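To start, the structure under review is shown below, and the notes come after it.
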Protein chains: 2
Amino acid sequence: MPRTKETGRLGDETPALDGKSPAALAVTTRERIVAVAAELFHRQGYSATTMRQIATGVGIKAASLYNHFPSKQELLFRISYDTMVEMHAAVLDAMAGVVEPEERLRAFVGAHTKYCIVERYRARVADELRDLEPDNLREVVAMRDRYEGVLRRILDDMNEATDGAVRDVAVTANAVATMASQVSAWYRDGGRLGPEEIADLYAELAVGAALGSRAQRTRAERTPAALSGKGETGAGSADG
Amino acid sequence: MPRTKETGRLGDETPALDGKSPAALAVTTRERIVAVAAELFHRQGYSATTMRQIATGVGIKAASLYNHFPSKQELLFRISYDTMVEMHAAVLDAMAGVVEPEERLRAFVGAHTKYCIVERYRARVADELRDLEPDNLREVVAMRDRYEGVLRRILDDMNEATDGAVRDVAVTANAVATMASQVSAWYRDGGRLGPEEIADLYAELAVGAALGSRAQRTRAERTPAALSGKGETGAGSADG
DNA sequence: GACAGACTAACGAACGATAGTTAGTTTCGG
DNA sequence: CCGAAACTAACTATCGTTCGTTAGTCTGTC
């Protein structure tokens, strides 16, 4: 490691690193790069973020970034892909051992929401697929599709268990997934509720949305509307 | 109007304009610029879109864009602001004359969702506030806050009418608003359901989320959880 | 009705700034 | 004392924007 400046000591010549951001807590330079890049990509978008900004945030020069990542695009891909994997794992872990469909939905949405709050920079970057180059895009989309398949299966099970209370599985799956992912669009630290509490609320919102109120259900029986939408990606297709 | 090339005739030297995009239907050059820019901003993001790309899409050169807009930023602002105004008007129109809170929620979410589908390019650009410069941002955010206040008031009314069935008004408002806005993230033309049908489904999802299922409500009475969250922006604050 | 002048909207060319990236060199830690 | 990882310096490409110009069109006056 060069330069007398140690990774642990901050605030001397490092212009960024406010101390509270996750970048300050990261140990290795590589981890700090990822953390800083995620925050900047989140705040400014990929294209509007420069390698020099990332470098300044980490406390090094732009050229030094290339000792850790071969390109800006690869940096974006690693953030997106690793986040997708991590989120998937967190959700599967939360659902482990839970068998009742409605409880599985709670576990899924709760864990997903919580992850999207706690890791909100990464999560938002991973949700923005537009800047990924074709090959990288394919890989991340495949990951995401597998992930959303889990949700669709839960809703299918709920539909079966409740004799068709879910009005349209495909649309509901998309709606619930986007709702939970976008929690990071409005969440801010220091608010009235913490991540856990919001995650619990979101889980209940999802259950309510999926099953509907009793009034809705009786109304639906009277006027049969859309079918259950089983076995389709959505009303449209996925994005490419 | 210069150049023998008339605005109405297309496809001679204009390299873009595939005929099906809204840009092809626009009459004036200014309208076509807005339509092309909205689609490109949506697909690639603001920073990744160049003035030369927009110009090519319209069928003119980059320099000519400045006869219609003083800057790229102003172009973004006009798209964002006008869309916000239009959407607000569409939703208020749909709610006109509807008094029952639950029906007002249906009207709000239905109209909002439908607009976000039909005008999905514009709507997604207007939802991306990160590229707006401070002054422009303030104006659009003010517009949006007024808009979301309407939703919060509806949920407050529902809460009163149902003796507290809405678990947390602030969180629910944010969740419903983001859910509906993000419908454009997955909708594609030619799918199983059209805009109207999806909008209706979303309205029901919102009602279900807001009121919850009967099972949820009895469960909530046993274990009093979060308060109703009245009079606050959310669990965090809004963005700035 | 004709014609001078203002206006609109297009063009090609170019400018300054800055982007991602590379090459070559220096500097410590193990 | 070797190599990982930092540095300085520079290259090339492209960006938003400006400039000077030109062709067509509207407007008002005689």
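In what follows, chains carry the letters A, B, and so on, assigned in the order in which the sequence lines appear, proteins first and then strands, with residues in each chain numbered from 1. On a predicted model such as this, the values are computed, not experimentally measured, just so you know.
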Q. What nucleic acid atoms does B:Ser47 come within less than 4.0 Å of, heavy atoms only: base, sugar-phosphate, or nothing?
A. nothing

Q: Report yes if at least one side-chain N or O of B:Lys72 is closer than 4.0 Å to OP1 or OP2 of D:dG16; otherwise report no.
A: yes

Q. Under 4.0 Å between a side-chain N/O of A:Thr29 and OP1 or OP2 of D:dA6, yes or no?
A. yes

Q: For B:Tyr66 and D:dT18, give me the distance from atom OH to atom P, rounded to whole Å.
A: 7 Å

Q) Does atom CD of B:Glu196 have more than 12 heavy-atom neighbours, drawn from other residues, nucleotides or ligands, at distances under 6.0 Å? A) no

Q: Can you tell me the distance, in whole Å, between the CD atom of B:Gln44 and the P atom of D:dT14?
A: 15 Å

Q.
Can you measure A:Leu76 atom CG to C:dT21 atom P for me and round it to whole angstrom units?
A. 12 Å

Q) Choosing from C:dT21, D:dT17, D:dC7, which nucleotide comes nearest the side chain of A:Lys61? A) D:dC7

Q. What is the distance, rounded to the nearest whole Å, between atom CG of A:Leu65 and atom C1' of D:dC7?
A. 13 Å

(Q) Distance alone, cut at 3.5 Å: any donor-acceptor contact between the side chains of A:Glu86 and A:Thr83? (A) no

(Q) I need the CD1-C1' distance between B:Ile60 and D:dG24, as an integer number of Å. (A) 16 Å

(Q) Under a plain distance cut-off of 3.5 Å, with no hydrogens placed, do A:Ser181 and A:His112 share a side-chain donor-acceptor pair? (A) yes

Q: From the options D:dT17, D:dC15, C:dG20, select the nucleotide whose nearest atom is closest to the side chain of B:Thr50.
A: D:dC15

Q: Could you check whether the rings of B:Tyr147 and B:His88 sit parallel, tilted or perpendicular, using 30° and 60° as the cut-offs?
A: perpendicular

**Q.** Phosphate contact (D:dA4 OP1 or OP2) by A:His68 side-chain N/O below 4.0 Å
**A.** no

(Q) So, under a plain 3.5 Å distance rule, would you say the side chain of B:Asn67 forms a donor-acceptor pair with the base of C:dA10? (A) yes

Q: Would you mind reading off the distance between A:Phe69 atom CZ and D:dA6 atom P, rounded to a whole angstrom?
A: 12 Å

Q | Donor-acceptor side-chain pairing of B:Gln53 and B:Thr56 below 3.5 angstrom | A | no

Q. Given C:dC11, is OP1 or OP2 found less than 4.0 Å from the side-chain N or O atoms of B:Ser64?
A. yes

(Q) Both A:Arg52 and B:Ala62 contact DNA chain C. Taking the nearest nucleotide for each, which residue is further toward the 5' end? (A) B:Ala62

Q: Return the value, rounded to whole Å, for the distance between atom CG of A:Asp131 and atom P of C:dG20.
A: 12 Å

